[in-house]
There are 4 protein chains.
Amino acid sequence: MIQFQCDYTEGAHESILKRLTETNYEQTIGYGCDDYCEEARNTIRRVFGVPDAGVHFLVGGTQANATVIAAALKPYQGVICASTGHIFVHETGAIEATSHKVLAMPTSMGKITAAQVSHYCRAHYANSDREHEVQPGMVYISLPTELGTLYTKAELEALYQVCEEFHMYLFVDGARLGYGLMASDCDITPEFLAAHCDVFYAGGTKMGALFGEAVVITNKTLNQDFRYMIKRHGGMLAKGRLLGIQFQTLFEDGLYWKLGKHADQLAEQIRNTLQECGFSFLARSHTNQVFPILPDDLCEKLSRKYMYCYQERIDNSHSAIRFCTSWATRPENVDALCQDIRSLSAK
Amino acid sequence: MIQFQCDYTEGAHESILKRLTETNYEQTIGYGCDDYCEEARNTIRRVFGVPDAGVHFLVGGTQANATVIAAALKPYQGVICASTGHIFVHETGAIEATSHKVLAMPTSMGKITAAQVSHYCRAHYANSDREHEVQPGMVYISLPTELGTLYTKAELEALYQVCEEFHMYLFVDGARLGYGLMASDCDITPEFLAAHCDVFYAGGTKMGALFGEAVVITNKTLNQDFRYMIKRHGGMLAKGRLLGIQFQTLFEDGLYWKLGKHADQLAEQIRNTLQECGFSFLARSHTNQVFPILPDDLCEKLSRKYMYCYQERIDNSHSAIRFCTSWATRPENVDALCQDIRSLSAK
Amino acid sequence: MIQFQCDYTEGAHESILKRLTETNYEQTIGYGCDDYCEEARNTIRRVFGVPDAGVHFLVGGTQANATVIAAALKPYQGVICASTGHIFVHETGAIEATSHKVLAMPTSMGKITAAQVSHYCRAHYANSDREHEVQPGMVYISLPTELGTLYTKAELEALYQVCEEFHMYLFVDGARLGYGLMASDCDITPEFLAAHCDVFYAGGTKMGALFGEAVVITNKTLNQDFRYMIKRHGGMLAKGRLLGIQFQTLFEDGLYWKLGKHADQLAEQIRNTLQECGFSFLARSHTNQVFPILPDDLCEKLSRKYMYCYQERIDNSHSAIRFCTSWATRPENVDALCQDIRSLSAK
Amino acid sequence: MIQFQCDYTEGAHESILKRLTETNYEQTIGYGCDDYCEEARNTIRRVFGVPDAGVHFLVGGTQANATVIAAALKPYQGVICASTGHIFVHETGAIEATSHKVLAMPTSMGKITAAQVSHYCRAHYANSDREHEVQPGMVYISLPTELGTLYTKAELEALYQVCEEFHMYLFVDGARLGYGLMASDCDITPEFLAAHCDVFYAGGTKMGALFGEAVVITNKTLNQDFRYMIKRHGGMLAKGRLLGIQFQTLFEDGLYWKLGKHADQLAEQIRNTLQECGFSFLARSHTNQVFPILPDDLCEKLSRKYMYCYQERIDNSHSAIRFCTSWATRPENVDALCQDIRSLSAK
């Protein structure tokens, strides 16, 4: 069975394993205070052009989301996100566990707009009984989104401006950041991203690390005492250097971006094949996720050899599914998939 | 600088790194549902003699503590522990973050007794205004404790009985379980432990794994829906197999116990040397932590070459400190330390 | 200015004030353990036909909602409600403050259906990754709803059955219960209600008391230790007898139902007048809330003399507003309003 | 049975009931936005000399404590208090319910000192691993304390200074404020109190109101958006004017202080009688609580006619108990008690 159902089916890029093995018997102090972490923090600051940012290494995405959001919000505040947002649908209430409401907004293709957010906030503050409602305190977006789509520079800038106007933080979930920024249709650079939000993270788990998310906090107020928050949320890894070593490896020479581009190109090959065969898509993007709408019998046939993700039912005989490529995807497996799609849909 | 300040200064046992490397490019499904995890769960069930237990792999100790305790308690209940307990002093309120009070009890050498707990509960239920107080719902102990001490079979049995009497769960934090059960003065076996509590964990982080704690839940009610709890607390590792592979390696052929004994024996060597030199101890045990009371000038001299943990001030000229050995401690480093203790204290 | 904007603009029914004054200097023990509370609990058990139910007096609705829901749910569970539900929109995240997600469902006229709930639950349990989502643990409905509408016996019974099927509690918010059960089109009796849910409350605040909600818990498991929950949520009134005296007065001789009918009839008079004048309604019911859709200039004219509630914009020149009658509404004020509606809309 | 077990056994001062009755049928808007509340807020600002303070009326003490503390603390912070503090022992974890730890300190007679707090904070910030501990963010004291004792001006000033030094809020629980400030040995004035803390409350429940606590927030940052916090904690009374009317009555002409002095003088009469009879006291003060240490047989005899509070066992044959006077205590009942103490202890 060849797996395309997600981007965390393999272990880690070999250079990461190699580095972990080489340093295995060194003795370091714990909790991210070692030299490897410090080096990785500096590398990341350099790559994103934010020399003063706080950089913190957490183990997973749900943990990163909950820790950042809980650090940012006052008790009576909530976080705005798209109704498809990971924090709204796929984290078992991890945000509510920190006692905050997720304020879900209707979304088109996984994105929300500055106009939507502005309208919502304006209505809240215009309400004389507003203290009976949750106050919006943060906007959470994903780059790329759950549907693989991307915000443009202009959209990100507009959202950031609305956040400033209504005294909200802007938080960008970059679990798949490398796949996003390397997409052929992405006009956002690492530096632009870091300059247009208060906090974001560059995901490692889905981008070639064994695990780990690098949280970058450019807003000084938010960064203050953030390590207390990490510990409180069970996110402070005892052997913190494991994270430092992995992120240093990913970012020191651009491996992160190279892996992103690898996956994007293979996804594009699948996308092109599907399009040539005449299929349409639930969402269009040039990142590592492909969401074709396929006849159910084709899905069934593909499922004998390939694992993919079921997305949603379209009509009586069609479903939207997801193929995901990753840093580890082998070109020969993509070739096989494309070949099978062609031959199965030709009949 | 030679490090004795804690038991998580190195990476992982080489057989773990080897196994991670060998399996690196295999594709598995996520979140602990893969075959490696299933295999490790069965191995652990076998080792502890609990074929029906739930076994869950979490990343760290604070996370394991908070997730288990939050799963066990009703909203108005708290967890009883020694005033030295890790959850009371060293976790930045991670238990309170789940909205539960930690009910700290006076302790002698890190332990609490069945009599203490019984007295507390009896007083609570005898109080006609008891609903103005937090109801005790769980007892948390560590094996070994923060001071390296051990509960006996009789003590554990008595605590478990009190817990049953007052409808409380008994939870054993085994972050250093291997060092505890392998101590020369420990009369508790793996099977006995598992049969005399509702939930415990066998720590990996301090026992030769890169990271990870294996939570074993023998109480069926507590185990129900526990995976929701893990996800909600940000503890469900995407590449769950990393934990399965590590715990399978540690437990399949007794490596876990071998590593525990290794550290205990080296600690005993340090302990014997200190005793021969006439020093007393803050706490006595035969596990991997040594707590001598030393003259401040000797501490100062040792600190030029060795890292240790400062524990507490004893008097104007003496301090209690902690030396910690581990699965990775090299005999030659212990020899050097012992030699230096002897020569420095001889003067 | 004559106020129709809500049903809590006056103090309390005069017989309540009288009784509070008469008993003022008696000495009683606190926290609801006095004889007045016991008497009121028994009266309420009798009226609703539930001799074994737990009856608890809380001060306000948000407090009652949060306390009941937090008592019912396991940490990873959420509560299903209509997207118009009070707990979803008007309580500043009081439910999320107890760390639970409110699972809002699309609604027609403030109600949700058994079919909706069943479909949602079925989908949840069919999902192999369900532990990544919040588990539904309770259904919350209002009787009458926020839009004054009512569930029928059949609808309530069906909801209760779905709840049992999926191991969920059914909770009925009866802040306006008297206005609901006394409505001319309501086929639910007090006994039927109590027999078809796990917990409900009969509101006092909007029904003639100074304040207070009588929470009735028919489910024994949910009732256990509920007083701890009340205290923990800051809802245990020191002078608890104030609540006992009020609810005894409301329920001993049917005053509660009489006051409900009074308001419903006056609301019907307003409704009929509006209908005669040719206006339509946002929602239709026979309870104490009236939701006409009116031309903006009529609204403006009415607002010079009457306070009402703005509900929502319908189109460029029309708005839906709410008139609320209550136990205290004077017939002459309703006459005046009807007269003005007639004359202003005649022009 | 004559009740001395607490200070909330009766209803309300007659002038409060009278005023509630007179205003009963007036129509006002809800949630504390009416004119009565505004008037009472201004009166309280005047009485305490804080023209710019936020004044908020809550229903009860536990609610006030939880709301204020949750508003003040960052997620990883805790609140320091005496180990006898109400929030630590008598509120069923209401503070922990907001996810904050109560940092209990050893106490002498219910008080904590500036030196204690300073030492604790200094140690916290000196610890290089401080992020593994809860950060102190607020100090909570009671005036008078649970044992009826009082802070002096100098002690309050010193505590406030330490709080400023370590960026903590100082919060004074004044559930019995009138009994405290009117005590013959109290050198703190209303103005001094308000000028030497960030937030305090003047309790109504124990001081002649039916219920209610007036929270006064002098710290502007803490006051911001506080109404959201009240609503979120279920503390926003729909008929808010009930609180405004009560507090206006208590404070407009000094009734609050008069009632405080009444109770203090009657308590002093009991205290003097006990002293004359040769009994000692668990704690000494001149407020409305008296804590004699009495032979068990005397306690038993008194209990046939009087209700008092059991405090703690002193030795085999003696117990400390509490007599509480209040705004409603009748002099003839105190005379009777004193007479009985004299005659029973003479034998």
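In what follows, every heavy atom counts, from backbone to side chain, and hydrogens, waters and symmetry copies are set aside. Chain A is the first sequence line, chain B the second, and so forth, proteins listed ahead of strands; every chain is numbered from 1.
Remark: D:Lys206 engages no residue in a salt bridge (charged side-chain N to carboxylate O under 4.0 Å, His left out) (not counting sequence neighbours). The side-chain hydrogen bond (donor to acceptor under 3.5 Å, both in side chains) search around D:Gln311 returns none, not counting sequence neighbours.
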Extract all donor-acceptor atom pairs below 3.5 Å that involve side chains of residues 77-89 of chain B and protein atoms in other chains or at least two apart in sequence.
from: B:Gln77; atom 1: OE1; to: B:Lys74; atom 2: N; distance (Å): 2.9
from: B:Gln77; atom 1: NE2; to: B:Gln135; atom 2: OE1; distance (Å): 2.8
from: B:His86; atom 1: ND1; to: B:Glu91; atom 2: OE2; distance (Å): 2.6

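Among the residues in residues 122-133 of chain D, those with a non-hydrogen atom closer than 4.5 angstrom to a non-hydrogen atom of chain B are D:Glu131, D:His132, D:Glu133.
Here the straight-line distance linking atom NZ of B:Lys101 with atom CD1 of D:Ile95 works out to 9.5 Å at 0.5 Å rounding.
Considering all non-hydrogen atoms of both residues, B:Val134 and D:Thr92 come closest at CG2-C, 3.5 Å.
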